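This one's a predicted model, so the numbers in the text were calculated from it and none came from an experiment.
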Amino acid sequence: MAIKYRIEQNHPPRSPRESLPTMYDLPSENPEEPGLPDEFHDLQPELLRVTFHPANYPPEQIFCGSDMNLYYDARHHYWYKRPDWFGVVGVSRLYDQEDLRLSYVIWQEMVRPTVVVELLSPGTEKEDLGRSTRLSSEPPTKWEVYEQILNVPYYVVFDRYTDRLRGFALTAGFYQELELTEPRIWIPQLELGLGLWSGEYEGINRLWLRWYDAEGNWILTPTEREAIAQEQLEAERQRAEAERQRAEAERQRAEAERVRSQRLEELLRSHGIDPNS
């Protein structure tokens with residue numbers, strides 16, 4: 001979804017890309033910001049990234065970021081949020097189709113995320129769920145940014161301590177919590193769903209968030225695809241070997257039959273009988 005801004009500028013008018021800071025001008029991290037991602041906050045976003053393959057968009061028009069500065073207000077250039085994970089479609093995979101992103105700057109990209117995922121932790125739970133308060137002089141909370149400023153269509157929250165998945169869809173400008181009969185959230189704009197999967201990832205067996213397709217199949221990771229490809233190659237090798245052994249057995253049977261026929265002919269001739277008569 002494209003975002004439009006009305007900005008007072010001198011004539012001739014200049015576009016936001018020309019008149020406002022780019023990702024090269026804004027800090028990509030704040031060394032004084034407290035807290036570092038734990039191991040789960042490293043692994044879970046990576047699993048989301050490698051399984052994020054919207055069927056209705058080519059790979060070069062898909063971007064996702066994790067723990068990356070998301071600059072959202074053209075009037076306050078240095079205000080940002082750092083979603084645990086977010087996905088954007090309809091935008092170049094590379095910034096200006098040539099560079100890896102340092103951050104995601106809304107007034108430069110002009111395309112908002114379709115979905116944002118936050119992984120709850122005790123220190124961020126209130127803000128992630130829209131329960132925190134702030135002074136009027138303070139920047140808006142995550143909930144306010146995602147709902148009121150960026151209008152992100154889907155907001156997903158996962159609590160790994162309780163394994164609870166919650167989803168919120170933007171309805172008439174406000175988030176409405178989805179009633180989940182099972183821990184799965186279908187996102188029509190992406191032709192993908194996000195759900196809880198129990199399995200092993202990077203040697204850790206637990207419940208993970210991952211994407212699934214329209215048939216309900218989990219999107220495979222590169223490692224899983226490679227393992228399946230190897231299994232298929234091994235199965236093909238075994239089929240080829242079985243076919244070779246079958247052909248060899250058939251050749252040996254035919255050879256044995258030929259030898260028996262030849263000996264029979266020799267025996268008949270030794271008794272003065274023409275086997276061909």
Side-chain angles (χ1 to χ4, degrees), residues 1-31 33 36-37 41-118 142 145-146 149-156 187 189-192 194 210-211 213 219-226:
M1 293 182 229
I3 298 176
K4 297 181 180 179
Y5 293 100
R6 292 184 178 179
I7 300 174
E8 296 291 335
Q9 295 179 323
N10 296 326
H11 296 288
R14 299 166 61 204
S15 70
R17 288 181 62 84
E18 297 174 309
S19 61
L20 296 178
T22 72
M23 71 175 189
Y24 300 110
D25 306 310
L26 298 167
S28 59
E29 60 183 350
N30 180 2
E33 192 170 20
L36 293 173
H41 278 72
D42 286 335
L43 294 176
Q44 177 61 89
E46 178 63 11
L47 178 56
L48 291 175
R49 184 187 71 81
V50 298
T51 59
F52 186 60
H53 299 295
N56 50 345
Y57 287 90
E60 62 271 16
Q61 289 295 310
I62 299 170
F63 175 75
C64 55
S66 59
D67 199 34
M68 171 183 282
N69 284 7
L70 172 58
Y71 289 92
Y72 55 87
D73 193 330
R75 298 164 301 177
H76 300 88
H77 300 162
Y78 290 90
W79 284 4
Y80 66 86
K81 298 301 178 188
R82 288 178 73 92
D84 288 322
W85 187 92
F86 64 95
V88 193
V89 292
V91 70
S92 173
R93 167 63 185 84
L94 298 174
Y95 180 72
D96 275 351
Q97 301 182 0
E98 63 180 27
D99 203 357
L100 293 171
R101 286 178 174 84
L102 304 171
S103 54
Y104 196 86
V105 184
I106 284 293
W107 58 82
Q108 294 291 324
E109 307 283 359
M110 302 302 286
V111 182
R112 71 193 62 167
T114 299
V115 57
V116 167
V117 176
E118 291 289 357
K142 287 181 182 177
V145 169
Y146 303 154
I149 298 177
L150 292 180
N151 305 129
V152 176
Y154 285 86
Y155 178 42
V156 177
I187 301 179
Q189 296 95 314
L190 300 175
E191 295 186 10
L192 279 182
L194 189 58
R210 71 183 294 174
W211 295 96
D213 63 21
I219 304 297
L220 298 178
T221 67
T223 300
E224 289 168 339
R225 289 198 297 271
E226 177 63 23

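Listed by chain and residue number, Leu47, Arg210, Trp211, Ile219, Thr221 satisfy the side-chain contact (heavy atoms from CB on, under 4.5 Å) test with Thr51 (two or more places apart in sequence, or in another chain). Applying the salt bridge (charged side-chain N to carboxylate O under 4.0 Å, His left out) rule to Glu226 yields no partners; only residues at least two apart in sequence or on another chain are considered. Here Lys142 pairs with Glu118, Asp128 under the salt bridge (charged side-chain N to carboxylate O under 4.0 Å, His left out) rule; sequence neighbours left out. Considering only residues two or more places apart in sequence or on other chains, His77 meets the side-chain contact (heavy atoms from CB on, under 4.5 Å) condition with Leu20, Pro21, Leu26, Trp107. The salt bridge (charged side-chain N to carboxylate O under 4.0 Å, His left out) check on Asp213 picks up nothing, with sequence neighbours excluded.
Taken to the nearest 0.5 Å, the CD1 atom of Ile106 stands 10.5 Å off from the CD1 atom of Ile149. Considering CE of Met68 and CZ of Arg82, their distance stands at 8.5 Å, rounded to 0.5 Å. Rounding to the nearest 0.5 Å places OG1 of Thr114 at 6.5 Å from CD of Gln189. If you take CG on Leu94 and CZ on Arg101, they are separated by 7.0 Å, rounding to the nearest 0.5 Å. Here the CH2 atom belonging to Trp79 is positioned 15.0 Å from the CG atom belonging to Asn69, to the nearest 0.5 angstrom. Once rounded to the nearest 0.5 Å, the distance linking CZ of Phe63 with CZ of Phe52 reads 10.5 Å.
Among residue pairs with one or both ends in residues 48-61, those qualifying as salt bridge (Lys or Arg N to Asp or Glu O under 4.0 Å) are Glu46-Arg49; sequence neighbours excluded.
Heavy atoms only, all atoms of each residue included: Ile62 and Pro58 are closest at CG1-O, 3.4 Å.
By the 4.5 Å heavy-atom criterion applied to side chains, Tyr95 and Glu109 are counted as neighbours. Looking at Tyr71 and Gln108, their side chains never come closer than 4.5 Å, going by heavy atoms from C-beta outward. Here the side chains of Val156 and Val117 are in contact, with some heavy-atom distance below 4.5 Å. With contacts defined as side-chain heavy-atom distances shorter than 4.5 Å, the pair Trp85/Val115 qualifies. For the pair Cys64 and Leu48, the minimum side-chain heavy-atom distance is 4.5 Å or more. The shortest side-chain heavy-atom distance between Val88 and Tyr104 falls under the 4.5 Å cut-off. No side-chain heavy atom of Leu190 sits less than 4.5 Å from a side-chain heavy atom of His53.
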